[in-house]
**Student:** 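My structure is below; once you've seen it, I'll send some questions.
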Amino acid sequence: MKNRVFVVFLTLLLLCGGLLSANGKSEAAAGEGTGLITVGYAQVGAESDWRTANTESFKSTFVEANGYKLIFDDAQQKQENQIKAIRNFIQQDVDYIVVAPVVETGWETVLGEAKAAGIPVILSDRMMDVSDDSLYVAWVGGNFLKEGQDSVVWLNDYLKKTGRDKEKINCVLLQGTIGSSAQVGRTKGITEGLAKNSNYNLLAKQTGEFTQAKGQEVMESFLKAYDDIDVVFAENDNMAFGAIDAIKAVGKVPGKDIIIVSFDAVHEAFNRMIAGEINADVECNPLHGPRVAEIIQMLEAGKPVDKIMYVKEGVFDQFNAKEIMPTRKY
Ligand code: GZL
């Protein structure tokens, strides 16, 4: 009996002290007292220009003027850091958790904890591979398989236009972070597309971890191993930038001696396409902030949301980059 009196007394004290709102959420985190919707965002890291644009999209959308309090975490490309961040968001009893999962697997337990805490999880950018898709409310991102497929379609067309469609074409592939859905989808689309044409020979594939430094390092090793590379597929622009430096260092001309097909289509990649260093770039739109905000507003209004939402994406090349660049938002 004594205990119960004490709990009631303590609760009244906290309520009066404003530390505990009526529905039990801690004031500070839930933003109850300010009417703000608190969003915890577990971001992959800061590994690429694409990621920078993606982070900026969230930071400029989830501002107090729009009714949000954003708690942002940069996991430095480590899954254990993202899991820690999600647990921290649960501790703080945020209203929504958004995750850009660095890899597809290993999320069931922590998403189960978020579900048990009654906190909706929205996936942005990359996908999670979970047995129970009720663990997340919605996913918004790029169609990575189609991106890979589109890159080979562009190459087939380019080789035909340049009279090389009967030649043996040696390719190398700089992969993204192994196990990330962007890498899984793009690699599948590229390798299956190349396998359809016996003229293509995929000499090697290796991860450049979506970074420029690692992309350059791997391309240097490819150039040491093979002296007849015709095409480089780089699963993001920063690895393409590294590959360009490696190609120049051996006295070859990127975009001419070696065709470069990249992914993301960030601002600097348009400069490289205009300069003729990158031949084609498959877009992957990073501006997910407004889309995730739309999902949250629908959920707040008790409206249903689509489980899977692909963003619109195009393919650009050295021939249309100059005309299109002024229209780009990132
Ligand atoms: C794609 C995204 C990838 C980009 C890279 O949606 O996950 O991660 O292609 C980034 O630039 O590092």
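Side chains included, hydrogens not; waters and symmetry mates left out as well; all remaining heavy atoms used. In each ligand, atom 1 is the first atom listed, and ligand 1 is the first ligand listed.
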**Student:** Among the clusters formed by ILVMFWY side chains lying less than 4.5 Å apart, do Val44 and Val184 turn up in the same one?
**Tutor:**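 In one cluster with Val44: Val184, no.
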**Student:** Please tell me if the side chains of Met127 and Tyr136 come closer than 4.5 Å, counting only heavy atoms from C-beta onward.
**Tutor:**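 They are in contact (side-chain heavy atoms under 4.5 Å apart), so the answer is yes.
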**Student:** To which residues is Val153 joined in a hydrophobic cluster, defined by side-chain heavy-atom contacts under 4.5 Å among Ile, Leu, Val, Met, Phe, Trp and Tyr, whether direct or through other members?
**Tutor:**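 None; Val153 is a cluster of one.
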**Student:** Under the ring pair (Phe, Tyr, Trp, His ring centres under 6.0 Å) test, which residues partner Trp107, sequence neighbours left out?
**Tutor:**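 Testing Trp107 for ring pair (Phe, Tyr, Trp, His ring centres under 6.0 Å), a comparison that skips the adjacent residues, returns none.
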**Student:** Considering only N or O atoms, set out every pair between ligand 1 and the protein closer than 3.5 Å, with distances to one decimal place.
**Tutor:**
unit_1, atom_1, unit_2, atom_2, d
ligand 1, 6 (O), Asp125, OD1, 2.4
ligand 1, 7 (O), Arg51, NH2, 3.3
ligand 1, 7 (O), Asp125, OD1, 2.7
ligand 1, 7 (O), Asp125, OD2, 3.0
ligand 1, 7 (O), Arg126, NE, 2.7
ligand 1, 8 (O), Arg51, NH2, 3.0
ligand 1, 8 (O), Arg126, NH2, 2.8
ligand 1, 9 (O), Arg186, NH1, 2.7
ligand 1, 9 (O), Arg186, NH2, 3.3
ligand 1, 9 (O), Asp264, OD1, 2.6
ligand 1, 9 (O), Asp264, OD2, 3.4
ligand 1, 11 (O), Ser48, OG, 3.0
ligand 1, 11 (O), Asn236, ND2, 3.0
ligand 1, 11 (O), Asp264, OD2, 2.6
ligand 1, 12 (O), Glu47, OE2, 2.5
ligand 1, 12 (O), Ser48, OG, 3.1

**Student:** Other than Val152, what residues sit in its cluster of Ile, Leu, Val, Met, Phe, Trp and Tyr side chains whose heavy atoms are under 4.5 Å apart, directly or through others?
**Tutor:** Trp154, Leu155, Tyr158, Leu159, Ile169, Leu173, Ile190, Leu194, Tyr200, Leu202, Val231, Phe233, Ile259, Val261, Phe263, Val282, Val315, Phe319
**Student:** Tell me if the aromatic rings of Phe316 and Phe270 count as close, with their centers under 6.0 Å from one another.
**Tutor:**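 Yes; Phe270 has its ring centre under 6.0 Å from that of Phe316.
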